[in-house]
Amino acid sequence: MTFTPAIGTPADPESLGIEHVETWKKATGGGSAITLGHVVRRVDATSTCAAVTTGMYGQFGVVARLFPNYDATTGAGDNNTDTSAKVVVICHDGARVYVTGSGNIPIGSRVVAASTGLVAAYVESAWTAATPNSFNLPLREFEMIVGVYEGHYGESEQNGTGTDATTGQTIRIRLGAF
Amino acid sequence: MNAQAWMDSTQGEGMGSKAASIVADPLSLSDVFYDTKIPGQDQTFEDLSKAILQEKVNAQRQQDRSRAASVITSKDFASFQNLVILGETNVRIRTGILTGLFEEIQTPNLGGKWATFDDGVVYHTNVPEGTTVEPSGGTGSIINIFVPKHEGAVAITYRAQAMINGDNPFARLTGQLQDARANKENAMTADEIESNTAHSEAGVDFGDRSGTPPTSDQNPVTLWNTLIGDFDALNKGNWNLFITKAFIYNEYITNDIIRGVNNPIPNQTNVNEGSGPIPGLPGVTWARDNEISSSTAAWAMDSNAIKIFRGPTTAYTVSNQDTETTKNVLRSYMLAETVDSDLIYTVTGVAA
């Protein structure tokens, strides 16, 4: 099988609709357009989203391959350009979408943000009695989960055919912690 | 116009193409016209001539293309050029032949039991006067059959359906679902065939050659007679099927002992996904399918050894106005199961 969906493609119709497709705010200016299929994080204080980098936590979405996000091939769409303050994202628990993985990701593992706009396998931090010395980081670690790695195109968690991912591959994730 | 002045300017050439090439300063040509006003206009013939000549000089000096002629090329009006699909190269999904080799059992309940019997009735001879014999009997076994579900789907958004006009990917891919289903069922049948390894027989490499010039040094006839004896000894079933990868068949028909060394070499064609009688072994069908993974083994069997259990097949469409999507789904239930492994022999080493 040689077909691989482009990143930002929803995996099924159930990953669309009012539950999972939203228009978020983004920065404007030169270079502010976000690559389709990149994972973004929306900052609560500013309501503005941007491509994730390693260690980020919060609300996550994926820049969608949907109109009216700008498509350079056809020239269609006004969102997600350098001058537009809007970008259409696929978001919220349960949505399934294709993104790019960074590093090796075991099948079924949770994934966290990686630079830039990618996801990597979640590795639980090792806390001691003295590190950290507050509750903030352990509590926040739960917010770092972007989703769960389900497999490559053609693989299914429903029949257990998923395989581990290697770096740079197009993979399907299900947004949400579980 | 002052004709004498014109003759002087053109060095006596007067009218004609040569005259124009003689004049060094084109603007001087305007001097031949009288300083008389053009009727109805506020300029003289000389002024008009001077203006025309000056414009021509400017155009030549500045290379002003807007004042020159131009040709419309294929690089123009790009936005008006439509996508023209001249034809297409389609993907072919192999459907295989293995599933069709075995009897289909309709299983609407998606499950059941398959019974096999091992009878051991004994008839005694030379029984002495005044006595009788011990009764005899047999046994039976049950195989549980659970038919799993298989599915394929294609989905598209309303917008994509409206905007894509050079192709209809939704209809095309939906039509391929049937072939994809057949391909997967063929693969499952191949896996079931190759899972039978309990009974085996050592084969011969049909394509092996030695000597100068190289000639076949393996005689398949011994193998055939061995397998005939194996099946005869079972007291059940009938050897009627021989399954391999495609190339092994070509090696067999070019075996010098089978074709006759003085006969022409049989035509070599792609025999994959085909079946037919075995030269030298009537009554047995040789089925070739490259879905079989082994490149060295064959499976000799009675086709009743494996059954295809099939449940209902359903095709349906889900159209969701909220998500603006249409999804076509093909769902089937199918199981390839060995019901009597005694009737299957793995023949090893038929190719190298």
Side-chain angles (χ1 to χ4, degrees), chain A residues 1-6 8-23 36-37 61-80 88-98 150-151 153-162 172 174-175, chain B residues 78-83 89-94 146-167 169-170 172-174 176-177 179-181 183-185 187-188 191 291 316-329 331-335:
Chain A
M1 185 179 295
T2 58
F3 169 69
T4 301
T9 301
D12 51 31
E14 289 72 25
S15 297
L16 300 175
I18 197 172
E19 295 84 4
H20 297 298
V21 178
E22 293 183 353
T23 300
L36 297 182
V62 177
V63 179
R65 285 190 80 243
L66 298 171
F67 185 86
N69 278 345
Y70 177 71
D71 179 355
T73 303
T74 62
D78 295 326
N79 282 13
N80 194 31
V88 177
V89 300
I90 295 173
C91 55
H92 299 312
D93 292 6
R96 301 160 72 230
V97 63
Y98 287 92
E150 289 196 332
Y153 175 75
E155 298 173 356
S156 170
E157 282 218 303
Q158 281 64 47
N159 63 8
T161 57
R172 186 176 67 252
R174 184 175 69 252
L175 296 177
Chain B
S79 300
F80 293 81
Q81 295 176 7
N82 292 324
L83 174 66
T89 301
N90 289 321
V91 172
R92 177 194 166 196
I93 300 175
R94 292 193 176 276
F146 300 108
V147 184
K149 181 181 72 174
H150 318 290
E151 267 193 30
V154 178
I156 193 169
T157 65
Y158 290 174
R159 190 172 191 87
Q161 277 188 303
M163 293 187 68
I164 299 173
N165 59 4
D167 178 34
F170 188 55
R172 180 168 49 78
L173 295 173
T174 297
Q176 288 183 4
L177 278 176
D179 287 345
R181 176 178 74 106
N183 174 273
K184 283 294 185 184
E185 291 184 350
M188 289 190 289
D191 289 344
E291 193 64 48
Y316 65 91
T317 299
V318 177
S319 187
N320 188 322
Q321 294 283 358
D322 287 341
T323 61
E324 293 188 303
T325 55
T326 304
K327 182 171 77 169
N328 283 347
V329 182
R331 174 182 297 157
S332 63
Y333 298 84
M334 176 265 186
L335 173 70

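In what follows, every chain begins at residue 1, and chains take the letters A, B, ... in the order their sequences are listed.
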Quiz item: Above 12 or not: heavy atoms from other molecules or residues under 6.0 Å from CG of B/Asn165?
Solution: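 Open: at most 12 neighbouring heavy atoms sit under 6.0 Å from CG of B/Asn165.
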Quiz item: Under 6.0 Å from the CG atom of A/Asp78, do we count more than 12 heavy atoms belonging to anything else shown?
Solution: no
Practice problem: Could you grab the distance from atom CZ of B/Arg159 to atom CG of A/Leu66, nearest 0.5 Å is fine? | Solution: 10.5 Å
Quiz item: At what distance, to the nearest 0.5 angstrom, does CZ of A/Arg65 lie from OG1 of B/Thr157?
Solution: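 Going from the CZ atom of A/Arg65 to the OG1 atom of B/Thr157 covers 10.5 Å.
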Quiz item: Under a 4.5 Å heavy-atom cut-off, does chain A meet the side chain of B/Asp322, its backbone, both or neither?
Solution: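 Contact with chain A: backbone only.
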Quiz item: What part of B/Thr323 gets closer than 4.5 Å to chain A, counting heavy atoms only: side chain, backbone, both or neither?
Solution: both
Quiz item: Considering only heavy atoms, which portion of A/Glu14 lies under 4.5 Å from any heavy atom of chain B: side chain, backbone, both, or neither?
Solution: side chain
